[in-house]
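What follows is a set of notes on a single structure, which appears directly below.
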Amino acid sequence: MKYDFREYEAKWQKRWEDEKAFEAVDFSEKPKFFSMVEFPYPSGSGMHVGHIKAYSGLEVVSRKRRMQGYNVLFPIGFDAFGLPTENTAIKTNTHPRKVTERNIEKFTQQLKRVGFSFDWSRVVDTTEEDYYKWTQWIFRKMLDNGLVFRDKALVNYCPSCKVVLSNEDSQGGKCDICHSDIVQKSKDVWYLRITEYADKLLQGLEGVDYLPNIKMQQENWIGKSTGAFVKFALKDTGETLTVYTTRPDTLFGVTFMVMAPEHPIIDKYSEKIGNMDAIEAYRAECAKKTEFERTQLVKDKTGVCIEGFKAVNPVNGKEIPVYISDYVMMGYGTGAIMAVPAHDQRDYDFAKKFGIDIIEVIKGGDIAVEAYAGDGEMVNSDFLNGYTNKKDSIARMIEELEKSGLGEGGVQYKMKDWAFNRQRYWGEPIPIVHCEKCGIVGVPYEELPLRLPPMENFEPGQGGESPLAKLEDFVNCTCPKCGGKAKRETDTMPQWAGSSWYFLRYIDPHNSERFADSEKLKYWLPVDWYNGGMEHVTRHMIYSRFWHHFLYDLGEVPTAEPYAKRTAQGLILGPDGEKMSKSKGNVVDPNDVVDAYGADVLRVYVLFMGDYESATPWNDSSMKGCKRFLDRVAGLCDMAKGSGATPELETKFHKTIKKVSQDIESMKFNTGIAAMMALINDIYDHGSLTVDELKCFISLLCPYAPHLCEEIWESLGEKELLSLSKWPEYDEAKTVDATIEIAVQISGKLKGTVVIAADADKDTAIAAAKADAKIASLLEGKNIIKEIYVPGKIVNIVAK
RNA sequence: GCAGGCGUGGCGGAAUUGGCAGACGCGCCAGAUUUAGGAUCUGGUGUCCCCGACGUGAAGGUUCAAGUCCUUUCGCCUGUACCA
């Protein structure tokens, strides 16, 4: 047979679809396997080969599991709300709904051409009303449960485009679109209180099977720290300034305090402050910097000393100055710090610049040169003097603080609450109304979905408001509570919302009563294996784990954790070794590859090109090697006759089945394919194989190159689909060779090899090695000091 | 700065608990076939001073034995929120 993919790829794709070969069955008796890939954002430029690699991993796993008798749910959908679609809509004067439909169609066509075994009956689209109804429903539940609140926040604002920008779109303080200067603007923001779940999210990591680096990234993102809250009296105000510190035991080394420039206490006492002008000027400077810029570590600290009040160190009564500086953020801790310049480099730099005292309280460094952050004996610290273990000194200080009521132990998280509103059209409307009398009122559940109203012009409203603010019919409404006049919230949800629960909708995508049926949830949850990009392992995964934990607490889902296992694929780089991007012109379109080489070659190549978890550059000629491999597979048909096993090949077959099976489970697809290539080389060397062996070979290859394998399977007279037939099994005993070649070393240097029985004992192996003529001559006249035999590997004779 | 990761032939990459470094593929070289190109087939291909020695970013160390373990160091990539 020839590898003539144009003849049959479409044929098999149609047959899989006609026979519903890959549709999951709810409540099947078979063991369930829920494998999920990150659903794509359907962009206008279509898919690139990176998507194909991202999906091919679990595609192969899923196909193998089906052949092993699992009831597999391998779904796909579209995360279709988002800014790029809205921008395309504005630019081309097309409704985002239309743009989305067009893009989804394009993606669907591309995905189907590659022959992915998705369950196409369960496709979800986050922008459909019967999907976002439930996104809004979950949000409403959060509102009812006190997890939604409103607060002021500083946002990146482009005065020219009149839009709020993400940090990503405002790097370097310039707007990504028009390149004008960004300003920091205070704005009302809806928050989800994710910090309430910080501990649960941290503890939940203990029971899940994520790659270790993924787990660590999530732990660091949540960032739990233990320390103490300490109260400093502000003299002449009656106010206390509370700070958070991880090292309360360094309190005797505090020589000044720093507040974030935006700290509200400054405004409260502005009349007492003598240099308010200087402070306002400094604040104006800070407002120009984005958070991104403020967070760049700079040696040269800036700040202003507040004239008007001083703080009192609670442990020694010393009066110390209070500064404002932009290295302190409102968003972490309390927005103010106690500065210990001797033992914190940032405080040290600040103290040096402003000529503030530096008092050593931990011995071990040279504070004339730099801050010392290591451990050591406590000095200059009254009752803490002599402590050498920081755990003890911290505990003692907390004890003292709590006794005197000047502070208490506490924990802090790096993780911030989730800013949940965007001033955009193409997103889920936030189901809230603002009533003059009742305040914030949720839209009643029976009124969901709160539909995105039709609109012509998606340009943002005045002063960076959502486009929806321009629609009076939408904005003006009656309060669900009192029936009086009210206004709707016009902001929409961020893109993260729809993707926070989509795995639940796959389980029951057409349910109109509930987001998913409880029994089905019980059957399918958790997702057994979730694969996606490294860039989503913190934000997306933590957000969706948060939503799931919340639903679990409500009793709506049967598991606390949504994902039992998580892996991540590496990027495909352009042929130039750079990240693929339109602007660099190094993007490879999967359609072009399918046209020229066929879907099977594309599938095999993206998994063979390198380690699945690492970034690998695309290489056209390397892909041709995969084409040659499939040519040779097709060629096996002409060599196959008879049944049973070929003695010369039998062990090789069993070894290959084992290797391919294991490598799929550990996502070492490249070495699994290499094993099949090595086997086919052996078969060609041997010159023939049996029909049974051919069937075994194509069964192993089927998850990778299903079209070709189905075609060969059919040509052998089989009527049922290979994709649903049995995965080959191996006999462990037959994976071992009778004789093996082992290396022989003399004093650790390789000198030759010798063939011995696989089960030979140490004496036999060493005797065989010594019997070798070359080894014998090299050993002549030498004293043998030690003889080592590592079974199946090596003999090492240490001689002098 | 912090966190995570990576350095192996001309290239992508292989190497259980330390046990024959370079599997498999690309590329390259030679031969066969072909009017030529392409395709295909066969053989070869880490380096060198080639019956021997040297080789996994660099330098030390542990060991009978190190790509793998330890120390120091250099370079690169990714994420990032100066986190008190």
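Per chain, numbering begins at 1; letters A, B, ... match sequence-line order.
Side-chain proximity of T616(A) to the nucleotides rG13(B), rA84(B), rG27(B) is greatest for rG13(B). Closest to the side chain of V328(A), out of rA53(B), rG4(B), rA84(B), is rA84(B). Taking the side chain of Q745(A) as heavy atoms from C-beta on, and the options rC24(B), rG19(B), rA3(B), the nearest nucleotide is rG19(B). Comparing atom distances between the E741(A) side chain and each of rU40(B), rC20(B), rC24(B) picks out rC20(B) as nearest. Side-chain proximity of L750(A) to rC26(B), rC24(B), rC20(B): nearest is rC20(B). Listed nucleotides rG4(B), rG19(B), rC24(B) differ in distance to I788(A); the shortest reach to its side chain belongs to rG19(B). Closest to the R539(A) side chain, of the nucleotides rU80(B), rA84(B), rC20(B), is rU80(B). When distances run from any side-chain atom of T246(A) to the nucleotides rG13(B), rA81(B), rA84(B), the shortest one goes to rA84(B). Relative to the side chain of R346(A), the nucleotides rA3(B), rC83(B), rG4(B) differ in distance, and rC83(B) lies closest. Side-chain atoms of M677(A) lie closest to rG25(B) of the nucleotides rG12(B), rC64(B), rG25(B).
Syn is the glycosidic conformation of rC50(B), whose angle stays within 90° of 0. rG9(B) adopts a syn glycosidic conformation, its chi angle falling within 90° of 0.
Judged by Watson-Crick or G-U wobble contacts below 3.5 Å, the nucleotide rU80(B) has rG1(B) as its partner. Pair check for rG27(B) finds rU45(B); Watson-Crick or G-U wobble, both atom distances under 3.5 Å. Judged by Watson-Crick or G-U wobble contacts below 3.5 Å, the nucleotide rU73(B) has rG57(B) as its partner. Pair assignment for rG9(B) gives none, since no Watson-Crick or G-U wobble pairing has each distance under 3.5 Å. Taking a pair to require two hydrogen-bonding distances under 3.5 Å in either a Watson-Crick or a G-U wobble arrangement, rG19(B) pairs with rC64(B). Under the Watson-Crick or G-U wobble criterion, with both distances below 3.5 Å, rU35(B) is left unpaired in every strand shown.
When the C1' atom of rC6(B) is taken as reference, atom OH of Y612(A) falls 20 Å away, rounded to whole Å. Atom CG of D611(A) is separated from atom P of rC6(B) by 10 Å (rounded to the nearest Å). Distance, K414(A) NZ to rG1(B) P: 16 Å, rounded to whole Å. One interatomic measurement links the two molecules: CD1 of I756(A) to P of rC20(B), which rounds to 14 Å at whole-angstrom precision. One atom, OH of Y704(A), and another, C1' of rG25(B), lie 15 Å apart when rounded to the nearest Å. Regarding I680(A), its CD1 atom lies at a distance of 10 Å from the P atom of rG25(B), rounded to whole Å. The separation between Y244(A) atom OH and rC83(B) atom C1' is 9 Å, rounded to whole Å. Spacing between atom CD1 of I542(A) and atom C1' of rU80(B) amounts to 13 Å, rounded to whole angstrom units.
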What's the verdict on side-chain hydrogen bond (donor to acceptor under 3.5 Å, both in side chains) for S614(A) and D611(A), showing C-alpha distance, side-chain angles and the deciding distance?
-> CA-CA 5 Å; S614(A) 312; D611(A) 177 16; 3.0 Å; yes
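For N670(A) and rA14(B), the shortest distance from a side-chain N or O to OP1 or OP2 is below 4.0 Å. In this model, the phosphate group of rG5(B) is not approached by any side-chain N or O of S614(A) to a distance below 4.0 Å at OP1 or OP2. Contact annotation: R632(A) side-chain N/O to rU40(B) OP1/OP2 distance is not under 4.0 Å. For the OP1/OP2 pair of rU63(B) and a distance below 4.0 Å, the side-chain nitrogens and oxygens of N796(A) include no atom meeting the criterion.
Within the nucleic acid shown, N681(A) comes within 4.0 Å of sugar-phosphate atoms alone, with no base atom in reach, counting heavy atoms only. Contacts of A615(A) with the nucleic acid, taken as non-hydrogen atoms under 4.0 Å apart, involve only primed sugar atoms and P, OP1 or OP2. Counting any heavy atom pair closer than 4.0 Å across all strands shown, M534(A) reaches no nucleic acid atom. Here E787(A) lies out of heavy-atom contact (under 4.0 Å) with every strand. If you check every strand for non-hydrogen atoms under 4.0 Å, Q412(A) touches nothing.
Judged purely by distance below 3.5 Å, without hydrogens or angles, the side chains of D663(A) and T671(A) pair a donor atom with an acceptor atom. Remark: the N586(A) side chain and the E578(A) side chain contain no N/O donor-acceptor pair separated by less than 3.5 Å.
Mapping T334(A) and I742(A) onto RNA chain B by nearest heavy atom places I742(A) closer to the 5' end of the strand. Mapping N213(A) and S747(A) onto RNA chain B via the closest heavy atom, the residue that lands nearer the 5' end is N213(A).
Taking atom C1' in both rC48(B) and rG9(B), one finds a spacing of 14 Å when rounded to whole Å. Of the C1' atoms belonging to rA36(B) and rU42(B), the separation is 22 Å, rounded to the nearest Å. Straight-line distance between the C1' atoms of rG7(B) and rA21(B): roughly 16 Å, to the nearest whole Å. Annotation: rG19(B) and rC11(B) have their P atoms spaced 25 Å apart (nearest Å). For rA65(B) and rG10(B), the C1' atoms lie 31 Å apart once the distance is rounded to whole Å. Between rG46(B) and rA23(B), the two P atoms lie 8 Å apart (nearest whole Å). With P as the reference atom, rC20(B) and rU73(B) are 32 Å apart, rounded to whole Å. Spacing between rG61(B) and rU56(B) at atom P, rounded to whole Å, works out to 15 Å.
The side chain to side chain contact (heavy atoms under 4.5 Å, CB included) test applied to M216(A) returns N220(A), not counting sequence neighbours.
At a threshold of 4.0 Å, the pair K762(A)-E787(A) does not count as salt-bridged, since none of the basic side-chain nitrogens sits closer than that to a carboxylate oxygen.
The closest side-chain heavy-atom distance from F252(A) to I359(A) is not below 4.5 Å.
Note on ring orientation: taking the six-membered ring where Trp is involved, the planes of W418(A) and F420(A) are perpendicular (angle over 60°, cut-offs 30° and 60°).
With hydrogens and angles disregarded, no donor-acceptor distance shorter than 3.5 Å links the side chain of R566(A) to the backbone of D209(A).
Both tests hold for K301(A) against Y327(A): distance to the six-membered ring centre under 6.0 Å, angle to the ring axis within 45°.
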